[in-house]
Number of protein chains: 2
Amino acid sequence: MPTRSGSELDPKLMDALVQTSFSVIARLSQAAAAHDLSLTQLRMLAILRDHQPKMAELATYLGLDRSSVSGLIDRAAKRGLVQRTSSGDDGRSFRVSLTADGRRLAPALTAEIAELIAPLTRSLTIAERQRLGDLLIRMLR
Amino acid sequence: MPTRSGSELDPKLMDALVQTSFSVIARLSQAAAAHDLSLTQLRMLAILRDHQPKMAELATYLGLDRSSVSGLIDRAAKRGLVQRTSSGDDGRSFRVSLTADGRRLAPALTAEIAELIAPLTRSLTIAERQRLGDLLIRMLR
DNA sequence: TATTGTTATACTCTATAACTATA
DNA sequence: TATAGTTATAGAGTATAACAATA
């Protein structure tokens, strides 16, 4: 039986997770900034690539207040990246979706992010990268 | 000879790194927010635990403009967590250091962070956590 | 002249509270 | 009454530009 003992966390693992995370997030921010986007805008675009949420749903996805998302969408809409489209039945609500411009941006961003994150893994062998990916995926499950 | 081929990054590894990082950073933010601190304030306190930098050095550590750090230190000083102390030789510069209150905060924060991050690793066995830590440390080196 | 740090200004992000329109 | 979204307001965080003091 495998050992999955309780709540203790090896300080070395904690430090490694924290350092890795700061490094990854910094690279994401860098990719976003290259397109004059904030990290939040980047997350929003990633969500809208696969969903057309209502404002309240988007707020939940992002972990933000609805009022914060209003401004977020305002600014992104002013830049022509997203749009509010009528929701049909409920006259109070809208759906948010990417414009053609917004949709065009997504793959470029993904490619840039990959290029910025790839160097982080350069000191690992292919086999080690495979193992790392497996462990992280199992951890997130 | 181990294979460390070029710039390609497995999308699965990239996603796993990104998701893990968002999860870790969210937990760090949560620990910080529990003490009315931002993520930046948390990073600043972590740096000051081991250094007494000048303003410009602190700005470099944090990757921020000096003007941004001025406000950061102002707010932290108003809360009694940090202080500006004369640098001795150079009349233009100061050193920033933790106050007694600030120093008291650090271990509490570390413990809370560990408690928030530990559950993330719960689905891995002890051996897997060990391997994950090793891989991350090698990656960061 | 160059450097250190601050200040003035402007913008994004965020939350709380109050509001409008619809249900 | 309750819900969806916006607006008003306030504060943190950030950068650029201009500044004072020191080197």
Side-chain angles (χ1 to χ4, degrees), chain A residues 22 25-26 28-48 51-79 81-97, chain B residues 22 25-26 28-30 32-48 51-97:
Chain A
F22 273 121
I25 295 293
L28 288 175
S29 300
Q30 188 185 341
H35 293 267
D36 267 301
L37 296 168
S38 68
L39 198 55
T40 302
Q41 303 270 3
L42 188 74
R43 292 177 62 205
M44 184 188 69
L45 294 179
I47 290 166
L48 296 183
H51 304 87
Q52 288 85 48
K54 298 176 185 174
M55 292 295 286
E57 293 168 345
L58 183 55
T60 300
Y61 280 134
L62 292 168
L64 299 175
D65 192 86
R66 283 171 302 160
S67 63
S68 302
V69 178
S70 280
L72 215 56
I73 296 296
D74 281 346
R75 291 185 291 272
K78 194 184 302 182
R79 289 184 50 184
L81 300 176
V82 307
Q83 57 197 345
R84 293 170 167 91
T85 58
S86 166
S87 177
D89 50 338
D90 191 332
R92 296 169 300 182
S93 76
F94 297 89
R95 294 215 166 258
V96 185
S97 60
Chain B
F22 274 121
I25 297 293
L28 287 174
S29 300
Q30 187 183 341
H35 293 267
D36 267 301
L37 296 168
S38 69
L39 198 54
T40 302
Q41 302 272 1
L42 188 73
R43 292 176 61 205
M44 184 189 67
L45 295 179
I47 290 166
L48 296 183
H51 304 87
Q52 287 84 48
K54 299 177 184 175
M55 291 296 285
E57 294 167 344
L58 183 54
T60 300
Y61 280 134
L62 291 169
L64 298 175
D65 191 87
R66 283 170 303 159
S67 63
S68 303
V69 178
S70 280
L72 215 56
I73 295 295
D74 281 346
R75 291 185 290 272
K78 194 184 302 183
R79 289 184 49 183
L81 299 176
V82 307
Q83 58 197 343
R84 292 170 167 91
T85 60
S86 166
S87 178
D89 49 339
D90 191 331
R92 296 169 300 180
S93 76
F94 297 89
R95 296 216 165 255
V96 185
S97 59

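Hydrogens, waters and symmetry mates are skipped; everything else that's a heavy atom, side chains included, is used. Lettering of chains follows the sequences in order, A, B, ..., and the numbering in each one begins at 1.
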Q: Grab the two heavy atoms, one from Gln52(B) and one from Ser97(B), that are nearest each other, plus how far apart they are.
A: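 The pair with the smallest heavy-atom distance is CG-CB, 3.8 Å.
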Q: Please give, in whole Å, the distance from dT6(D) P to Phe94(A) CZ?
A: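 It works out to 7 Å between those atoms.
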Q: Rounding to a whole Å, what distance do you find between Leu62(B):CG and dG5(C):P?
A: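 Rounding to the nearest Å, CG of Leu62(B) and P of dG5(C) are 14 Å apart.
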Q: What nucleotide, of dT16(D), dT6(C), dA15(C), holds the atom closest to the side chain of Leu64(A)?
A: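 The listed nucleotide nearest to Leu64(A)'s side chain is dA15(C).
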Q: Rounding to an integer number of Å, can you tell me how far Glu57(A) CD sits from dT3(D) C1'?
A: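 In whole Å, dT3(D) C1' and Glu57(A) CD are 13 Å from each other.
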Q: At what distance, to the nearest 0.5 angstrom, does CD1 of Ile47(B) lie from CG of Leu58(B)?
A: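 Reported value, rounded in 0.5 Å steps: 5.5 Å.
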Q: Tell me which of Ala56(B) and Gly91(A) sits closer to the 5' end of DNA chain C, going by the nucleotide each one is nearest to.
A: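 Of the two residues, Ala56(B) wins.
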Q: Does Ser70(B) place a side-chain N or O at less than 4.0 Å from the phosphate oxygens OP1/OP2 of dT6(C)?
A: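 True: Ser70(B) side-chain N/O within range (under 4.0 Å) of dT6(C) OP1/OP2.
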Q: Calculate the interatomic distance between Arg92(B) atom CZ and dT6(C) atom C1'; express it in whole Å.
A: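 The answer, rounded to whole Å, is 14 Å.
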Q: Search all heavy atoms of Asp36(B) against all heavy atoms of Arg79(B) and return the closest pair with its distance.
A: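 Looking at all heavy atoms of both residues, the shortest contact is O-NH1, 2.6 Å.
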Q: Can you tell me the distance, in whole Å, between the CG atom of Asp65(B) and the P atom of dA8(C)?
A: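 Rounded to the whole Å, the gap is 16 Å.
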Q: Which heavy atom in Arg43(B) sits nearest to a heavy atom in Tyr61(B), and how many Å separate them?
A: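 That closest heavy-atom pairing would be NH2-O, 3.8 Å.
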Q: If you take any heavy atom closer than 4.0 Å to DNA chain C, which residues from residues 29-47 of chain A end up in contact?
A: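 Result for residues 29-47 of chain A: Ser38(A), Thr40(A), Gln41(A), sorted by number.
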Q: Could you tell me the separation between the CZ atom of Arg66(B) and the P atom of dA15(D), rounded to a whole number of Å?
A: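 Whole-Å distance recorded here is 12 Å.
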Q: Could you please spell out the steps behind the side-chain contact (heavy atoms from CB on, under 4.5 Å) verdict for Ser93(B) and Met55(B)?
A: CA-CA 7 Å; Ser93(B) 76; Met55(B) 291 296 285; over 6 Å; no
Q: In sequence, state the C-alpha distance, the side-chain angles, and the governing distance for Val96(A) and Met44(A), and then conclude on side-chain contact (heavy atoms from CB on, under 4.5 Å).
A: CA-CA 10 Å; Val96(A) 185; Met44(A) 184 188 69; over 6 Å; no
Q: Consider the side chain of Ser67(B), meaning its heavy atoms from C-beta on, and name the nucleotide among dT16(D), dT16(C), dG5(D) that approaches it most closely.
A: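 Comparing dT16(D), dT16(C), dG5(D) against the side chain of Ser67(B), the answer is dT16(D).
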Q: Under 4.0 Å between a side-chain nitrogen and a carboxylate oxygen: does that hold for Asp74(B) and Arg84(B)?
A: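 Salt bridge between Asp74(B) and Arg84(B), a charged N being under 4.0 Å from a carboxylate O: yes.
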Q: Check Leu42(B) against Leu28(B) and note the closest heavy-atom contact, atom names and distance.
A: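 Closest approach of Leu42(B) to Leu28(B), heavy atoms only: CD2-O, 3.9 Å.
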Q: Over how many whole Å does the gap from Asp90(B) atom CG to dA21(D) atom C1' extend?
A: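 So the CG-C1' distance, Asp90(B) to dA21(D), works out to 10 Å.
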Q: Taking all heavy atoms of Leu37(A) and all of Gln41(A), pick out the closest pair and write down the distance.
A: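 Shortest heavy-atom contact: CD2-CB, 4.0 Å.
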Q: Output yes when at least one side-chain N/O atom of Arg84(B) is less than 4.0 Å from OP1 or OP2 of dT6(C), else no.
A: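 For Arg84(B), the contact criterion (side-chain N or O under 4.0 Å from OP1 or OP2 of dT6(C)) is met.
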Q: Please list, in numerical order, the residues of residues 72-79 of chain B that have a heavy atom closer than 4.0 Å to any atom of DNA chain C.
A: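 Going residue by residue through residues 72-79 of chain B, none turns out to have a heavy atom under 4.0 Å of DNA chain C.
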